[in-house]
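Data first, discussion second: the structure below is written as structure tokens.
For ligands, and for the atoms within them, numbers begin at 1 and follow the listed sequence.
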Amino acid sequence: MPEPVISLAEVSREFASQPPVRALDRVTLRVDRGDYLAIVGPSGSGKSTLLNVLGLLDRPSSGSYRLDGTETTTLRDGARTRLRGDRIGFVFQSFHLLSHRSVVENVMLAEIYRSRGARRERAKPTSSEAAATMSAVRQARKGRRERALAALERVGLGHRTGFAPDRLSGGERQRTAIARALMGEPSLLLCDEPTGNLDSRNTESVLGLFDELRGQGMTIVVITHEREVSERAGRRVRITDGVLVEEG
Ligand SMILES: Nc1ncnc2c1ncn2[C@@H]1O[C@H](COP(=O)(O)OP(=O)(O)OP(=O)(O)O)[C@@H](O)[C@H]1O
């Protein structure tokens with residue numbers, strides 16, 4: 001049986017506040033390649049905490065989290081950062097696009113930040129390691145524009161690559177952010193209220209794109225308050241007071 005993309009076993013996250021809060025309570029969740037999962041739940045139920053754990057931005061207090069077969073809870077910070085950069089594409093409610101950069105440049109920047117992050121995490125390299133790294137950096141830089149253009153084609157924005165973000169509709173901005181998240185071929189697209197800033201027409205445009213990406217085998221996890229969004233996902237889980245329950 002192939003490894004699941006996400007495998008959480010009995011994951012809890014406690015905050016040592018006064019009084020202490022158990023934001024995740026023994027959460028067990030398996031997400032297979034190509035799954036499209038919506039996580040729903042009321043305010044304060046633990047959705048952001050779960051997203052932070054899934055996105056390797058926070059560590060569980062107990063339990064196991066395997067991402068693509070790698071146990072993440074015992075990894076050092078540097079290895080976690082690299083795994084996050086390699087495997088996870090993030091999509092947020094606000095698109096976080098740079099207004100003075102074109103659409104294609106915004107997408108290209110994903111790789112630049114990712115490789116800088118990875119280099120910063122490294123111990124000081126030897127001179128031969130440094131030469132090899134420079135050669136890899138040059139190689140990586142070479143196809144960056146082509147890869148960004150391909151990602152934009154994939155989200156249906158091949159005709160907008162030279163635009164400034166402020167000339168795009170909300171749906172097109174989010175599609176640009178999704179193209180940026182797809183750079184580096186992540187195994188998982190982790191989306192936090194991706195349509196929260198969009199009207200219904202633009203929401204439909206983004207949901208249509210998720211349908212297409214899912215058809216291509218992408219694994220998508222979406223946290224959402226919106227019924228319209230959760231109903232489009234193949235699978236729903238509800239979190240209440242940190243307890244996760246699969247919905248029928
Ligand atoms: N750093 C923290 N310290 C203490 N308590 C926290 C911390 N972060 C979250 N919590 C608590 O954990 C619980 C879950 O919070 P979380 O932000 O995950 O909920 P949520 O479902 O994302 O809410 P919303 O939909 O309003 O964003 C809440 O009771 C919250 O107050």
Worksheet entry | Which residue and heavy atom of the protein sit nearest atom 12 (O) of ligand 1, plus the separation | Ala23 CB, 3.4 Å
Worksheet item: Counting from 1, what ligand 1 atoms have a heavy atom of Pro42 closer than 4.0 Å?
Response: 21 (O)
Practice prompt. Taking only Lys NZ, Arg NE, NH1 and NH2, and the carboxylate oxygens of Asp or Glu, determine whether Glu204 and Arg232 approach each other closer than 4.0 Å.
Written response: yes
Discussion item. For atom 25 (O) of ligand 1, what is the closest protein heavy atom, and at what distance to 0.1 Å?
Written reply: Lys47 NZ, 2.8 Å
Worksheet entry | Protein heavy-atom partner closest to atom 18 (O) of ligand 1 - residue, atom, separation in Å | Thr49 OG1, 2.6 Å
Worksheet entry | salt bridge (charged side-chain N to carboxylate O under 4.0 Å, His left out) assessment of Arg235 paired with Glu247 | CA-CA 8 Å; Arg235 205 180 138 200; Glu247 293 212 318; over 6 Å; no
Discussion item. Would Gly46 count as being in polar contact with ligand 1, using the rule that some N or O on each side must be under 3.5 angstrom apart?
Written reply: yes
Discussion item. According to a hydrophobic-cluster definition based on side-chain heavy atoms being under 4.5 Å apart (Ile, Leu, Val, Met, Phe, Trp, Tyr only), do Val229 and Val40 belong together?
Written reply: no
Practice prompt. Could you tell me which atoms of ligand 1, counted from 1 in the order shown, lie closer than 4.0 angstrom to a heavy atom of His225?
Written response: 25 (O)
Discussion item. Does Ser205 form a side-chain hydrogen bond (donor to acceptor under 3.5 Å, both in side chains) with Arg175? I'd like the steps, not just the answer.
Written reply: CA-CA 8 Å; Ser205 140; Arg175 281 173 173 253; 3.1 Å; yes
Worksheet item: Does at least one non-hydrogen atom of Ala16 fall below 4.0 angstrom from an atom of ligand 1?
Response: no
Practice prompt. For ligand 1, note which part of Val21 has a heavy atom under 4.0 Å away: side chain, backbone, both or neither.
Written response: side chain
Worksheet item: Based purely on interatomic distance, does Gly44 place a nitrogen or oxygen under 3.5 Å from a nitrogen or oxygen of ligand 1?
Response: yes
Practice prompt. Go through Glu193 and Thr195 one step at a time and tell me if the side-chain hydrogen bond (donor to acceptor under 3.5 Å, both in side chains) criterion holds.
Written response: CA-CA 6 Å; Glu193 301 284 357; Thr195 57; 5.8 Å; no
Practice prompt. Answer with side chain, backbone, both or neither: which part of Ser17 has a heavy atom less than 4.0 angstrom from an atom of ligand 1?
Written response: side chain
Practice prompt. Specify the protein heavy atom at minimum distance from atom 26 (O) of ligand 1: its residue, its atom name, and the distance to 0.1 Å.
Written response: Ser43 OG, 2.6 Å
Worksheet item: Considering all heavy atoms of both residues, which atom of Ile220 and which atom of Arg214 are nearest to each other, and what is their separation?
Response: CD1-N, 4.2 Å
Worksheet, complete the sentence: ligand 1 atoms nearer than 4.0 angstrom to some heavy atom of Ser45 are 19 (O), 20 (P), 21 (O)
Worksheet item: Counting distance only, does the side-chain N/O of Arg236 pair as donor-acceptor with the main-chain N or O of Ser230 below 3.5 Å?
Response: yes
Worksheet item: Going by the ring pair (Phe, Tyr, Trp, His ring centres under 6.0 Å) test, which pairs reach into residues 89-111, not counting sequence neighbours?
Response: Phe90-Phe92, Phe92-His96
Discussion item. Quick test of your reading of the model: are Glu10 and Arg26 salt-bridged, counting only N-O distances below 4.0 Å?
Written reply: no
Discussion item. Starting from atom 27 (O) of ligand 1, what is the nearest protein heavy atom, named by residue and atom, and what distance separates them?
Written reply: Ser48 OG, 3.7 Å
Worksheet item: Protein heavy atoms: any of them under 4.0 Å from atom 30 (C) of ligand 1?
Response: no
Item to complete: If you have a sec, work out which protein heavy atom is nearest atom 4 (C) of ligand 1 and how many Å separate them, to one decimal?
Response: Phe15 CB, 3.4 Å
Discussion item. Quick check: closest heavy atoms across Asn106 and Pro165, and the distance to 0.1 Å?
Written reply: ND2-CG, 3.6 Å
